[in-house]
Amino acid sequence: MKVLKGRDLLSLADLSTEEIQQLLQLATQLKAGQVHLHCNKRLGLLFYKASTRTRVSFSVAMYQLGGQVIDLNPNVTQVGRGEPVIDTARVLDRYLDILAIRTFDQNQLETFAEYAQIPIINALTDLEHPCQVLADFLTVEENFGSLAGLTLTYLGDGNNVAHSLLLGCALMGMNIRVATPLAYQPDPRIVERAKQITAGRTEVMLTDDPIAAVKDAHVLYTDVWASMGQEDSASTRIPVFQPYQVNEQLLTNADSEAIVLHCLPAHRGEEITNEVMEGARSRIWDQAENRMHAQKALLVSLLGTD
Ligand code: CP
Ligand code: NVA
């Protein structure tokens with residue numbers, strides 16, 4: 001797929017509906033071993049936050065394509081000592097073919113993209129997690145055959161994962177319901193953008209009522225109540241978020257074929273029960289595996305093959 005070559009992926013809304021469909025189709029073919037692609041390029045990983053899945057799935061995807069990965073751990077590079085982003089970006093641009101960044105501030109990611117010519121991938125910011133949602137959609141498509149017309153309910157904190165789901169569901173013709181405590185609703189700018197994209201064709205619902213949100217939903221999705229960088233507020237969040245826990249009782253309100261997703265890492269007994277995580281409705285391990293297939297499709301699409 002040449003169509004994305006050289007582009008950045010800073011937000012899921014940087015992709016069109018057709019581009020997401022093509023990425024999912026390519027990811028499916030790669031996963032099934034129907035296509036074998038080669039891309040001898042160099043991927044840099046610049047992660048200011050911890051990561052297991054994103055780090056390993058990007059690395060393995062690149063190695064399987066025949067490329068190389070360089071871990072730019074801020075603890076051992078000059079970025080951790082405060083070298084300006086505008087300098088780092090221009091230097092890394094001279095060595096690497098593509099750079100995946102995990103950081104706090106979306107503006108910092110955008111500065112990297114402004115000063116580096118190579119494609120910059122958002123590997124999670126406080127605002128968005130677009131690579132996660134590509135894998136989520138691959139998982140939903142595997143289970144239901146297609147995406148359009150399905151209802152996805154997200155329960156928890158209205159931050160990065162919820163934001164990319166809002167934009168992604170709007171792009172893919174899915175209904176999205178976001179159930180959060182009122183003080184933790186998604187960023188109104190993201191909600192507005194999702195509404196603009198769907199232009200009334202599908203539902204974009206915000207609510208503080210978890211049971212209404214889950215009614216007849218096909219996908220229940222949750223994430224930690226205290227994200228990376230918010231650990232200090234974890235204990236005050238637990239009682240506020242308790243009604244939004246994904247448990248067997250809540251699941252009875254969903255569609256009888258509903259599946260449960262979680263981006264991981266999970267706090268069992270908080271946002272999701274052990275029973276649901278290990279239960280028949282969980283597709284969480286397929287979802288984690290799909291990070292690798294979706295990102296391999298993304299890397300090939302941004303870099304081209306050789
Ligand atoms: N879901 C996800 O991004 O996991 P990591 O934080 O382990 O990369
Ligand atoms: N919302 C979580 C997602 C982790 C993949 C966080 O930002 O920590």
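Order of listing sets the numbers, starting from 1, for every ligand and every atom in it.
- Between Val214 and Leu155 there is a side-chain heavy-atom pair separated by less than 4.5 Å.
- When the options Thr88, Leu72, Leu92 are evaluated for a side-chain contact (heavy atoms from CB on, under 4.5 Å) with Val79, the one that passes is Thr88.
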May I have the step-by-step check of side chain to side chain contact (heavy atoms under 4.5 Å, CB included) for Arg193 and His163, ending in yes or no?
CA-CA 10 Å; Arg193 182 89 179 92; His163 290 158; over 6 Å; no
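- Close approach of ligand 1 to Arg291 is summarised as follows: ligand atoms under 4.0 Å from at least one heavy atom of the residue are 1 (N), 2 (C), 3 (O).
- A side-chain contact (heavy atoms from CB on, under 4.5 Å) with Glu128 is found for exactly one of Asp187, Leu167, Leu165, namely Leu167.
- Checked against a 3.5 angstrom limit, the closest N/O atoms of Arg55 and ligand 1 fall outside it.
- The closest non-hydrogen atom to atom 7 (O) of ligand 1, taken over Thr52, Val56, Leu264, comes from Thr52.
- At a heavy-atom cutoff of 4.0 Å, ligand 1 is contacted by no atom of Leu124, backbone or side chain.
- Among Thr151, Leu150, Asn175, the single residue meeting the side-chain contact (heavy atoms from CB on, under 4.5 Å) criterion with Thr202 is Asn175.
- Of all the heavy atoms of Gln287, none lies under 4.0 Å from any atom of ligand 1, so neither backbone nor side chain is involved.
- Geometrically, Arg102 engages Phe47 in a cation-pi contact, judged by NZ or CZ lying under 6.0 Å from the ring centre and within 45° of the ring axis.
- Under the rule for a side chain to side chain donor-acceptor pair (under 3.5 Å), the partners of Thr103 that lie at least two apart in sequence or sit in another chain are Gln108.
- Scanning all protein heavy atoms for the shortest distance to atom 4 (O) of ligand 1 gives Arg53 NE, 2.9 Å.
- Salt bridge annotation for Glu142-Arg283: absent, with no cationic side-chain nitrogen under 4.0 angstrom from a carboxylate oxygen.
- Under 4.0 Å from ligand 1, the heavy atoms of His129 that appear belong solely to its side chain.
- The option from Met228, Arg102, Lys49 that lies nearest to atom 6 (O) of ligand 1, judged by heavy atoms, is Arg102.
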Give me the pairs of N or O atoms, one from ligand 2 and one from the protein, that sit under 3.5 Å apart.
| from | atom 1 | to | atom 2 | distance (Å) |
| --- | --- | --- | --- | --- |
| ligand 2 | 1 (N) | Asn160 | OD1 | 2.9 |
| ligand 2 | 1 (N) | Asp223 | OD2 | 2.6 |
| ligand 2 | 1 (N) | Ser227 | OG | 2.7 |
| ligand 2 | 7 (O) | Asn160 | ND2 | 2.8 |
| ligand 2 | 7 (O) | Ser227 | OG | 3.4 |
| ligand 2 | 8 (O) | Met228 | N | 2.8 |

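- Look at Arg268 and Glu278 and you find a salt bridge, because one of the NZ, NE, NH1 or NH2 atoms lies within 4.0 Å of a carboxylate O, short of that distance.
- With a 4.5 Å cut-off on side-chain heavy atoms, Gln230 and Asp157 count as touching.
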